[in-house]
Amino acid sequence: MSADPESAPRPLVSAASGPLSGTGRAPGDKSVSHRALIFGALAVGETSITGLLEGEDVLRTAAAMGALGAEVAREGTGAWRVRGVGVGGLAEPAGVLDLGNSGTGARLIMGLVAGHPITATFTGDASLSRRPMGRVLTPLGQMGATWLSREGGRLPLTLHGAARARAIRYVLPVASAQVKSAVLLAGLNAPGRTIVVEPEATRDHTERMLRHFGATVTVTEGPEGREIALDGEPDLTAAPVAVPGDPSSAAFPLVAALTVPGSQVRMEGVGLNPGRTGLFDTLREMGADLVIENARTEAGEPVGDLVARHSALKGVTVPPERAPSMIDEYPILCVAAAHAEGETVMQGIGELRVKESDRIAAMARGLEACGVKVAESPDGMTVTGAPGAVPGGATVATHLDHRIAMSFLVLGLSARTPVGVDDARMIATSFPEFEVLMTGFGAAFREAPPA
Ligand SMILES: O=C(O)C1=C[C@@H](OP(=O)(O)O)[C@@H](O)[C@H](O)C1
Ligand SMILES: C=C(OP(=O)(O)O)C(=O)O
């Protein structure tokens, strides 16, 4: 279903369905998919990608790479081919780059453009236009880029790349893999060493992929944190990419199985990069029967099959330093927390307020409407569970946020009365097969008339 802003919202209702069971595959990892297209576009030669996520966020990045001069072709389901232009070889796009709902696409491609002597205008949907871009513009400005934007560096924004990009050393003021990646992408076309220091480690897909395509990247632990150094102006060479399954997407059916009595669900080929697995650790601490089988390495990324069985969960305090490794998973963790005995305390998660929606507020309002007790602070929330007794019975506002929509559809499967979401369109940005997969496991979803 399309997330086309011109189309009408699509309300959806989820109701208690009995046990869920089955085996499925998570869609391709969104972070790795964006990067495969971007590095493919910068490399010399033809990169073939398998398992690419064909969600709307990634399709926007594919279109942007085409507009910047790469040849991008779809060969079959998840199978794509990118003929790159070489570092420094991007062309100025003729039209506007519309990144839709995607923060990753917008911020990474800004880094790419900033390192090239070209100008590009970026737009996005209402959600993306509210999100802060100053966090990437500040370092990109230090590297020589200039821009004209709405107040606070919001989209729409026109970015003039540097005539000759300067390598910088940049200490991340916020734990963000998107900011780290934007600086490294700009640094690719800068002579000398670009260094990013991250006080808290974030997902390292960019570092892994830079090496995979032939760049020299060294990572050391320094007094200020993890220090990533990239040697500028490398010759990137096309390399095949097999995209692992997305743990952030697999989280939804797995938590559904943990919370619906009698369920057992197996998700195969899930990426288990340690920068992404904080939710699985947390769920196990809560008492989840969640087992990894067939742990293996595929194309440089750890991968495994995950089996979840319905479990009696208990509330935990999630260590704030774990936040970067589960940053997109707090909405679905709230659903597990709603079914856990006692309190689940989440702290150090202020970043959730600047995602596709203010996710702390969206989850708190939705859970309250469903009869779950929640306390909210500027950078945290506490959910008090009601195991097996979540009332439900509300239609929740999703604010153009796919993860809010999927979380409440999962909650509806175990609530006493159905839970509706006001709009399911955005699910297509990251997990287009969500409804088919979940209904295949036995979930009861039905279209609802608009309120
Ligand atoms: O680099 C990436 O692919 C991502 C980084 C995270 O964002 P931040 O860098 O803003 O934390 C995450 O929330 C997003 O879904 C994907
Ligand atoms: C935050 C997310 O993505 P992005 O920042 O790319 O919009 C997400 O997918 O949860």
Side-chain angles (χ1 to χ4, degrees), residues 3 27-39 53 55-61 64 99-111 122 124-136 139 155 172-185 196 198-210 243-244 246-252 271 273 275-276 278-279 301 323-333 348-360 362-363 398-407 426-432 434:
D29 188 273
K30 181 156 70 71
S31 292
V32 176
S33 294
H34 283 296
R35 287 161 173 81
L37 292 165
I38 290 172
F39 283 105
L53 169 66
E56 299 201 359
D57 278 13
V58 174
L59 297 179
R60 299 275 182 173
T61 289
L99 277 311
N101 191 248
S102 176
T104 309
R107 296 195 179 110
L108 268 57
I109 297 168
M110 281 184 205
F122 293 81
D125 69 6
S127 158
L128 189 59
S129 304
R130 284 191 292 265
R131 295 177 68 183
M133 297 297 155
R135 52 180 58 198
V136 283
L155 301 189
L172 292 184
V174 51
S176 166
Q178 294 178 6
V179 179
K180 168 174 67 176
S181 303
V183 174
L184 292 172
L185 283 165
V196 180
E198 45 179 15
E200 293 172 273
T202 65
R203 64 191 67 191
D204 64 354
H205 303 301
T206 296
E207 296 92 303
R208 285 178 192 246
M209 212 171 279
L210 277 165
V243 180
D246 198 324
S248 302
S249 298
F252 295 99
N273 181 312
R276 302 288 299 281
L279 173 76
E301 291 274 358
S325 69
M326 54 179 292
I327 195 67
D328 294 339
E329 281 66 78
Y330 284 92
I332 191 65
L333 175 63
I349 55 171
E351 273 296 295
L352 262 64
R353 295 207 183 269
V354 291
K355 297 293 179 187
E356 284 82 329
S357 68
D358 174 343
R359 288 181 172 164
I360 295 179
M363 287 309 299
T398 55
H399 306 284
L400 295 176
D401 192 328
H402 52 135
R403 300 205 196 276
I404 302 299
M406 289 186 277
S407 295
M426 288 298 146
I427 293 171
T429 60
S430 68
F431 198 166
F434 173 76

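Start at 1 and go down the list; that is how both ligands and their atoms are numbered.
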Per-residue contact class, H205 against ligand 1 - non-hydrogen pairs under 4.0 Å: neither
Please tell me if the side chains of P432 and L53 come closer than 4.5 Å, counting only heavy atoms from C-beta onward. yes
How far is atom 10 (O) of ligand 2 from its nearest protein heavy atom, and which residue and atom is that? R403 NE, 2.6 Å
Looking at ligand 1, does any of its N/O atoms fall within less than 3.5 Å of an N/O of V179? no
Ranked by distance from atom 12 (C) of ligand 1, the top protein heavy atom is D328 OD2, 3.4 Å
N101 heavy atoms within 4.0 Å reach ligand 2 at atoms 7 (O)
Could you tell me which atoms of ligand 2, counted from 1 in the order shown, lie closer than 4.0 angstrom to a heavy atom of G103? 4 (P), 5 (O), 6 (O), 7 (O)
Taking side chain as C-beta onward, heavy atoms only, is N101 less than 4.5 Å from M426? yes
Closest protein heavy atom (residue, atom, distance) for atom 16 (C) of ligand 1: T104 OG1, 3.3 Å
Nearest non-hydrogen protein atom to atom 6 (O) of ligand 2, with distance, is T104 OG1, 2.5 Å
Where does H34 meet ligand 2, judged by heavy-atom distances below 4.0 Å: at the side chain, the backbone, both, or neither? neither
Are H34 and ligand 1 in contact, using a heavy-atom cut-off of under 4.0 Å? no
Does K180 reach ligand 1, in the sense of a heavy atom lying below 4.0 Å from it? no
Should the proximity of D328 to ligand 2, defined as any heavy atom under 4.0 Å, be assigned to the side chain, the backbone, both, or neither? side chain
What protein heavy atom is closest to atom 9 (O) of ligand 1, reported as residue, atom name and distance in Å? S176 OG, 2.6 Å
If you compare K355, E356, R359 by their heavy atoms, the one closest to atom 2 (C) of ligand 2 turns out to be E356
Heavy-atom nearest pair, E351 first then I327, reads CB-CD1, 4.2 Å
N or O pair under 3.5 Å between G105 and ligand 2: no
If you apply the rule side-chain contact (heavy atoms from CB on, under 4.5 Å), what do you find for K355 with D328, and how did you get there? CA-CA 9 Å; K355 297 293 179 187; D328 294 339; 4.2 Å; yes
To which of S31, S181, A182 does the heavy atom nearest atom 3 (O) of ligand 1 belong? S31
Enumerated ligand 2 atoms positioned under 4.0 Å from heavy atoms of H402: 8 (C), 9 (O), 10 (O)
Taking the side chain as every heavy atom from C-beta outward, state whether L400 and E356 have any atom pair closer than 4.5 Å. no
Go through it in stages, so that I can follow the logic: the residues are L99 and I109, the test is side-chain contact (heavy atoms from CB on, under 4.5 Å), and I'd like the CA-CA distance, side-chain angles, deciding distance and then a yes or no. CA-CA 9 Å; L99 277 311; I109 297 168; 3.8 Å; yes
From the options K355, E351, R35, R131, select the one whose nearest heavy atom is closest to atom 1 (O) of ligand 1. R35
Check whether any side-chain heavy atom of P247 sits under 4.5 Å from a side-chain heavy atom of L279, and report yes or no. no
Which residue, R276, R203, R35, R208, forms the salt bridge (charged side-chain N to carboxylate O under 4.0 Å, His left out) with D29? R276
So do the side chains of R403 and Y330 get within less than 4.5 Å of each other, counting heavy atoms only? no
Should you measure from each heavy atom of Q178, which atoms of ligand 2 turn up under 4.0 Å away? 4 (P), 5 (O), 6 (O)
Check whether any side-chain heavy atom of V32 sits under 4.5 Å from a side-chain heavy atom of M209, and report yes or no. yes
Ligand-side contact atoms (ligand 2) for residue partner S102, heavy atom cut-off under 4.0 Å: 6 (O), 7 (O)
Could you tell me whether the side chain of L185 reaches within less than 4.5 Å of the side chain of L108, counting heavy atoms only? yes
In terms of side-chain heavy atoms, does S430 have a donor or acceptor partner in H402 at a distance below 3.5 Å? yes
With side-chain contact (heavy atoms from CB on, under 4.5 Å) as the criterion, how do H34 and D57 come out once you've worked through the C-alpha distance, each side chain's angles and the decisive distance to 0.1 Å? CA-CA 8 Å; H34 283 296; D57 278 13; 4.0 Å; yes
Note: ligand 1 atoms sitting under 4.0 Å from heavy atoms of A177 are 1 (O), 9 (O)
